[in-house]
Amino acid sequence: MEIEFASLDDSLARFTLSGASTAFANAFRRAMIGEVPTLAIEDIRIYDNTSALFDEMLAHRVGLIPLKTDLSSYTTQENCSCGGAGCPGCTSTYTLSVEGPRTVMSSDLIPQDPKAAPVFDNIPIVKLTKGQKLVIEAKAVLNTGRSHAKWQPTLVCGYKNHPVVSISDACDACGLCVDECPRGILAVKGKKVQVVNGKLPDCSMCKLCERACISSGIGDEPAIRITAEKDRYIYLVESDGSLPVKEIMNRALLYMKEQADTLEQQLGEISGDEKK
């Protein structure tokens, strides 16, 4: 199994996973989405809200604001020594007090821990007119996307099979497939159609080029074929900013390893071959 990065920074990763089954590829995707813990606001105490939004709508909007997460500083309430009472080791506290006329932004959420501040300062929460006021206290806890979407660390997380474009000697370079390709990955070079260098991963495998080739009326089979590699996948992962993409990937793989180890141990207990 091998991972090859095409691009990588804190917010976005494009990479190719090779030598893996479809089950593993999808499990990896699901682990990145739903099994990597992040901070999100769970409890809100509203002291004053004369805005146009109901308390429930306001709480929902505040809960979806992504928060910077330091997993070395926080633990889940279930595993915390406070027993879930809400200590600084498992809970981050925020305060907000704004009076109109102005728009309340995510930057108005003042964190007790600066390392757990909102990822973006320019997320609008609610617009206040003259005389309206909003005063709240909020608490964020660590959890995973399996419990609620607000704890998902990714904005985009998906994969596709790596495309394979095969062009036979029957190609007469008519260019119909080139004109039909919506992503511009094909070009006529000399007396044959070829894949533009570096464009192959952009292929969506729509097979419009195959249909265009058949419509040319040359033979019963198209000169161009689009297939997919069964054990090679192209991933696109975008973080919401709460965690770097690399940490999301590492945490997801660690979770999968822990689950596999647990399964192996349980199977060993059932069969009587428990590891010592």
Side-chain angles (χ1 to χ4, degrees), residues 10-12 32-157 238-245 247-248 251:
D10 285 347
S11 61
L12 187 68
M32 285 189 284
I33 295 173
E35 304 298 347
V36 179
T38 61
L39 283 173
I41 291 174
E42 173 71 353
D43 298 311
I44 296 180
R45 179 171 293 179
I46 300 177
Y47 295 101
D48 194 358
N49 175 25
T50 55
S51 71
L53 290 183
F54 293 114
D55 291 352
E56 294 83 359
M57 298 172 64
L58 184 71
H60 178 70
R61 291 178 67 90
V62 172
L64 291 175
I65 295 174
L67 306 174
K68 296 177 183 177
T69 303
D70 183 3
L71 293 178
S72 62
S73 301
Y74 292 93
T75 185
T76 58
Q77 288 187 317
E78 293 79 4
N79 298 326
C80 188
S81 58
C82 72
C87 69
C90 66
T91 305
S92 180
T93 304
Y94 303 79
T95 57
L96 184 150
S97 179
V98 179
E99 188 171 354
R102 55 166 293 193
T103 300
V104 183
M105 309 294 285
S106 54
S107 57
D108 294 314
L109 272 174
I110 309 301
Q112 185 181 28
D113 179 10
K115 293 186 296 183
V119 174
F120 306 104
D121 293 334
N122 58 348
I123 300 175
I125 299 174
V126 64
K127 186 175 182 179
L128 301 178
T129 60
K130 185 176 180 180
Q132 291 183 332
K133 192 174 183 180
L134 180 62
V135 181
I136 67 173
E137 181 182 358
K139 293 183 179 180
V141 296
L142 208 64
N143 211 327
T144 64
R146 180 190 287 265
S147 298
H148 193 280
K150 65 184 178 183
W151 281 294
Q152 291 181 6
T154 58
L155 297 175
V156 175
C157 186
E238 182 180 0
S239 170
D240 67 353
S242 56
L243 292 170
V245 172
E247 185 171 3
I248 294 173
R251 293 276 178 173

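Predicted model only: the values in this text are computed from it and were never measured. Any value given below was found using the heavy atoms of this structure, including those in side chains, with hydrogens, waters and symmetry copies removed.
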Seminar exercise, completed: For I123 and P66 the tightest heavy-atom approach is CD1-CD, 3.9 Å
For this session: Run the numbers on T154 and E238 for side-chain contact (heavy atoms from CB on, under 4.5 Å), then give the verdict.
Result: CA-CA 6 Å; T154 58; E238 182 180 0; over 6 Å; no
Problem set entry | Expected output: side-chain K150 to main-chain I41 donor-acceptor under 3.5 Å | yes
Exercise. Is the side chain of N79 donor-acceptor paired with the backbone N or O of T76 at a distance under 3.5 Å, no angle test?
Worked result: no
Exercise. With distance as the sole test, does T50 use its side chain to make a donor-acceptor pair with the main-chain N or O of K133 at under 3.5 Å?
Worked result: yes
Exercise. Does any N or O in the side chain of S106 come within less than 3.5 Å of the main-chain N or O of D121, such that one atom is a donor and the other an acceptor?
Worked result: yes
For this session: Output the distance between atom CD1 (I248) and atom CG (D240), rounded to the nearest 0.5 Å.
Result: 7.0 Å
Exercise. Which is it for L71 and L142 under the side-chain contact (heavy atoms from CB on, under 4.5 Å) test, yes or no, and what are the steps along the way?
Worked result: CA-CA 9 Å; L71 293 178; L142 208 64; 3.9 Å; yes
For this session: Calculate, to the nearest 0.5 Å, the distance between atoms CG and CD1 belonging to L155 and I33 respectively.
Result: 11.0 Å
For this session: Would you indicate whether the side-chain heavy atoms of M105 and N122 approach each other to under 4.5 Å?
Result: yes
Problem set entry | Close side-chain approach of D10 to V245, heavy-atom, < 4.5 Å | no
Problem set entry | Donor-acceptor pair, side chain of T69 and main chain of L67, under 3.5 angstrom | yes
Problem set entry | Steps toward side-chain contact (heavy atoms from CB on, under 4.5 Å) verdict (I110, L96) | CA-CA 6 Å; I110 309 301; L96 184 150; over 6 Å; no
For this session: Drop me the distance from T38's OG1 to K68's NZ, to the nearest 0.5 angstrom.
Result: 15.0 Å
Exercise. Okay, side chain of R146, backbone of G34: is any donor-acceptor separation there less than 3.5 Å?
Worked result: no
For this session: Considering non-hydrogen atoms only, spot the tightest contact between I65 and P118 and give its length.
Result: CG2-CB, 4.0 Å
Exercise. So does Q112 have more than 12 non-hydrogen atoms from other groups sitting under 6.0 Å from CD?
Worked result: no
Exercise. Would you say D70's side chain and Y74's backbone share a donor-acceptor pair under 3.5 angstrom?
Worked result: no
Seminar exercise, completed: Here the gap from I125 atom CD1 to L134 atom CG, rounded to the nearest 0.5 Å, amounts to 7.5 Å
For this session: Give the C-alpha distance, both sets of side-chain angles, the deciding distance and a yes or no for side chain to side chain donor-acceptor pair (under 3.5 Å) between E137 and Y47.
Result: CA-CA 8 Å; E137 181 182 358; Y47 295 101; 2.9 Å; yes
Problem set entry | Heavy-atom closest pair, residues P111 and P114 | CG-CA, 4.2 Å
Seminar exercise, completed: Tightest non-hydrogen contact, residues C90 and Q77, listed as SG-CG, 3.9 Å
Exercise. How long is the gap from CZ on R45 to CD1 on I136, to the nearest 0.5 Å?
Worked result: 12.5 Å
Problem set entry | Minimal non-hydrogen separation, I44 against A138, with atom names | CG1-CB, 4.1 Å
For this session: Flag yes if more than 12 heavy atoms outside R102 fall under 6.0 Å of its CZ atom; otherwise flag no.
Result: yes
Exercise. Where do V62 and L109 land on the side-chain contact (heavy atoms from CB on, under 4.5 Å) test, with the steps shown first?
Worked result: CA-CA 9 Å; V62 172; L109 272 174; 4.3 Å; yes
Problem set entry | CD on E56 to CZ on R61, rounded to 0.5 Å | 14.5 Å
Exercise. Shortest non-hydrogen contact from P37 to L243?
Worked result: O-CD1, 3.6 Å
Problem set entry | Side-chain donor/acceptor of Q132 to backbone N/O of T129, under 3.5 Å | yes
Exercise. Where the side chain of W151 meets the backbone of V36, is there a donor-acceptor pair that is under 3.5 Å apart?
Worked result: no
